[in-house]
Amino acid sequence: MRRHLPFAALWSMQIEVPVSLLLRDGDLAWSCGQCPLDGSGQVIAPGDLAAQSEAVADYIAEVLARGDLSAEDIGLLLAYYVDGGPGSEADMVAILQRRLGGRALILPVPVPHFYYAGMMIEVDVFASAAAGTRRRHQAGSLEIEMLDGGALTWVKLSLSTPCPADRQLGALGELGLEASALLRDHWFLPADDATLLESAAAAGLVTDPGAAVFMPSGDAKRLLGELTFARGKTATRHAEAGAVTLHLRRHGEFLWALARDRDPRADLVGQTERIMPALKDALALEGMSFADVVKLTTHYVGDDSPEALHDNMRVRNAYYATPGPTSTGLPVAGLGDPQSLITVNLLARRAGP
């Protein structure tokens, strides 16, 4: 049974959105990016990462409770944040651990800015009432942590020096995971060094290097991976729709699709306008529609204005009907392919009758 928590239940944005704060489907649940905003869409405690982390933790606890879940059911917290100075990341992580329990994987990802002045954090929540074993493997600079969520397994990967493919695959094997079961992947890398991404790509863990996200300059030289594995081998398909490149992975009722546009003549909105119908067609070929989508993630290259987000969001929102999927969209420092200004990816699960 699929359940949606309406977007305006706790806080709001400065634009009307047909998405859900939380979507629960069976044991699994996904949130939209939880933001430090109040009911009128105004930023709480502008510029204060610690105070905003506390506010976001409050929202996460509440949306989970409304989905009949608790902090113990969290599998992964993907915490996008703006660096607030020395120790700010550690303080943010400590707050999330204290408020939401130490069991969840927490992956902090720095971004250059958000779309509302003074906003410092946005957090995605991936949860499961069937969440089980958490395991960790470290070999040199390679660190992999996983949490078994039942039908899906969440993984965070960190790498600060290039690592041979066989060592990465061996580490996954130690955790009971196979690269052939990879369903979904996001990669975040230092802006001036692609060698770490090439290392992960050699292990077959990178779907599309052109969709990788550059983190702001000056951050620790590390590659971060946010991965989801299925219970068995996934089927992979690649397609082209004009200038749009599509990558799809399917496992049973789950489908992940990643799309980006490679036409440098198109602006951010123009690329979004081509990506969304390509995704609609890709879903249809798999016997699905946007009604089956549970989570969308959008990374775009844009400034810190609300308009940069709202303009491409209006295009995306036109494809959803209330109550829609959970959705996260935020600006990033750059993408692996400089011709692409935006990537949109979605996770769908065939909806029941």
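A search for side chain to side chain donor-acceptor pair (under 3.5 Å) contacts involving D304 returns nothing, not counting sequence neighbours.
Contact record, A129 with D73: CA-OD1, 3.7 Å, taken as the closest heavy-atom pair. The nearest pair of heavy atoms linking L107 to G225 is CD2-O, 3.8 Å. For the pair R237 and A282, the tightest heavy-atom approach, listed with the atom from each and the gap, is NH2-O, 4.0 Å. Between P18 and N317, the shortest heavy-atom distance links the atoms CD-CG, 3.4 Å. Contact between L189 and A194 at its shortest, heavy atoms only, is CD1-CA, 3.9 Å. The two atoms that bring L335 and S340 nearest to each other are CD1-O, 3.4 Å, heavy atoms only.
Using a 4.0 Å cut-off between charged side-chain N and carboxylate O, R99 and D58 make a salt bridge. The existence of a salt bridge linking D25 and R3 is excluded, since no basic side-chain nitrogen approaches an acidic carboxylate oxygen closer than 4.0 Å. Between R350 and E286, no side-chain nitrogen of the basic residue sits less than 4.0 Å from a carboxylate oxygen of the acidic one, so the salt-bridge criterion is not met. The pair E16-R314 does not meet the salt-bridge criterion, since no charged nitrogen lies less than 4.0 angstrom from a carboxylate oxygen.
Between H251 and K233, the closest side-chain pair of non-hydrogen atoms is not below 4.5 Å. Between L49 and V82, the closest side-chain pair of non-hydrogen atoms is not below 4.5 Å. Between D311 and T272 there is no side-chain heavy-atom pair separated by less than 4.5 Å. A heavy-atom distance below 4.5 Å is not found between the side chains of L224 and K156. At a threshold of 4.5 Å between non-hydrogen side-chain atoms, the residues L147 and V155 do not count as touching. Residues L152 and F126 are not in side-chain contact: their nearest non-hydrogen atoms beyond the backbone lie 4.5 Å or more apart. You'll find the side chain of Y115 reaches within 4.5 Å of the side chain of P331, heavy atoms only. Side-chain atoms of R349 and L28, non-hydrogen and from C-beta on, do get closer than 4.5 Å to each other.
Both V123 and V17 sit in one connected hydrophobic cluster of ILVMFWY residues. Membership requires side-chain heavy atoms under 4.5 Å apart, directly or through other members. Cluster membership check: L279 does not share its hydrophobic cluster with L285, using side-chain heavy-atom separations under 4.5 Å among Ile, Leu, Val, Met, Phe, Trp and Tyr. Linking Ile, Leu, Val, Met, Phe, Trp and Tyr whenever their side-chain heavy atoms come within less than 4.5 Å puts V43 and I15 in one cluster. L100 and I95 fall into different hydrophobic clusters, where Ile, Leu, Val, Met, Phe, Trp and Tyr are joined by side-chain heavy atoms under 4.5 Å apart, directly or via other members.
Separating the OG atom in S327 from the CE atom in M313 is a distance of 6.5 Å, to the nearest 0.5 Å. Taking OG of S141 as the start and CZ of R222 as the end, the distance is 12.5 Å to the nearest 0.5 Å. Between the SG atom of C32 and the CG atom of D124 there is a distance of 8.0 Å, given to the nearest 0.5 Å. The CZ atom of R136 lies 11.0 Å from the CD1 atom of I144; values are rounded to the nearest 0.5 Å. Interatomic distance, CD of E62 versus CG of L10, reported as 5.5 Å (0.5 Å rounding). Here I342 contributes atom CD1 and D267 contributes atom CG; the two are 10.5 Å apart, rounded to the nearest 0.5 Å.
In this structure, T322 contributes its side chain and G324 its backbone to no donor-acceptor pair below 3.5 Å. Remark: side-chain polar atoms of S305 are paired, donor with acceptor, to backbone N or O of A308 under 3.5 angstrom. The main-chain N or O of S289 is found under 3.5 Å from a side-chain atom of D292 such that the two form a donor-acceptor pair. In this structure, Q34 contributes its side chain and V56 its backbone to no donor-acceptor pair below 3.5 Å. The main-chain N or O of I74 is never found under 3.5 Å from a side-chain atom of S128 such that the two would form a donor-acceptor pair. Of the possible polar contacts, one joining the T234 side chain to the L182 backbone as a donor-acceptor pair under 3.5 Å is found. Not a single donor-acceptor pair under 3.5 Å links the side chain of Q138 to the backbone N or O of E143.
Relative orientation of the W11 and Y59 rings is tilted, given thresholds of 30° and 60° on the angle between their planes.
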Open item on the list: Please evaluate residues D208 and R260 with respect to the criterion salt bridge (Lys or Arg N to Asp or Glu O under 4.0 Å), reporting the C-alpha separation (whole Å), side-chain torsions for both, the decisive distance (0.1 Å), and the verdict.
Closed with: CA-CA 10 Å; D208 182 0; R260 62 183 177 87; 2.7 Å; yes

TODO: Decide yes or no on side-chain contact (heavy atoms from CB on, under 4.5 Å) for L205 and D185, but give the supporting numbers first.
DONE: CA-CA 8 Å; L205 300 176; D185 61 293; over 6 Å; no

- [ ] Quick one: do R24 and D68 satisfy salt bridge (Lys or Arg N to Asp or Glu O under 4.0 Å)? Show the steps, please.
- [x] CA-CA 9 Å; R24 180 168 178 179; D68 293 325; 5.2 Å; no

- [ ] Report the C-alpha separation of E273 and R316 in whole Å, then their side-chain angles, then the decisive distance to 0.1 Å, and conclude whether the salt bridge (Lys or Arg N to Asp or Glu O under 4.0 Å) test is met.
- [x] CA-CA 8 Å; E273 288 175 336; R316 293 183 279 118; over 6 Å; no

Open item on the list: Set out, in order, the CA-CA distance, both residues' side-chain angles and the distance that settles side-chain contact (heavy atoms from CB on, under 4.5 Å) for L76 and E226, then state yes or no.
Closed with: CA-CA 9 Å; L76 172 71; E226 182 249 311; 3.6 Å; yes

Open item on the list: Apply side-chain contact (heavy atoms from CB on, under 4.5 Å) to residues V332 and F188 and explain how you reach the verdict.
Closed with: CA-CA 10 Å; V332 297; F188 310 92; 5.9 Å; no

Open item on the list: side chain to side chain donor-acceptor pair (under 3.5 Å), that's the test. Do R262 and T245 meet it? Break it down for me.
Closed with: CA-CA 7 Å; R262 297 170 285 104; T245 296; 2.5 Å; yes

- [ ] With side-chain contact (heavy atoms from CB on, under 4.5 Å) as the test, would you mind laying out the steps for L37 and I44 before giving the verdict?
- [x] CA-CA 5 Å; L37 304 174; I44 298 169; 5.8 Å; no

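Aromatic rings of H113 and Y80 (six-membered ring for Trp) have centroids beyond the 6.0 Å cut-off, not under it.
Taking a 6.0 Å sphere around CD of Q42, one finds it holds more than 12 heavy atoms contributed by other residues, nucleotides or ligands. Within a 6.0 Å sphere centred on CD of E178, heavy atoms belonging to other residues, nucleotides or ligands number 12 at most.
Looking at T207 and R249, their side chains do bring a donor and an acceptor atom within 3.5 Å of each other. Counting only N and O atoms by type, the side chains of N345 and H186 include a donor and acceptor under 3.5 Å apart. In the model, T328 has a side-chain atom that pairs as donor or acceptor with a side-chain atom of K295 under 3.5 Å. Donor-acceptor pairing under 3.5 Å is recorded for the side chains of S199 and Q168. For the residue pair T298/N312, the side-chain donor-acceptor check at 3.5 Å is not satisfied. Between the side chains of E89 and Y81, at least one donor N or O sits under 3.5 Å from an acceptor N or O.
Among the candidates R135, R134, R231, the single residue satisfying the side chain to side chain contact (heavy atoms under 4.5 Å, CB included) test with D148 is R231.
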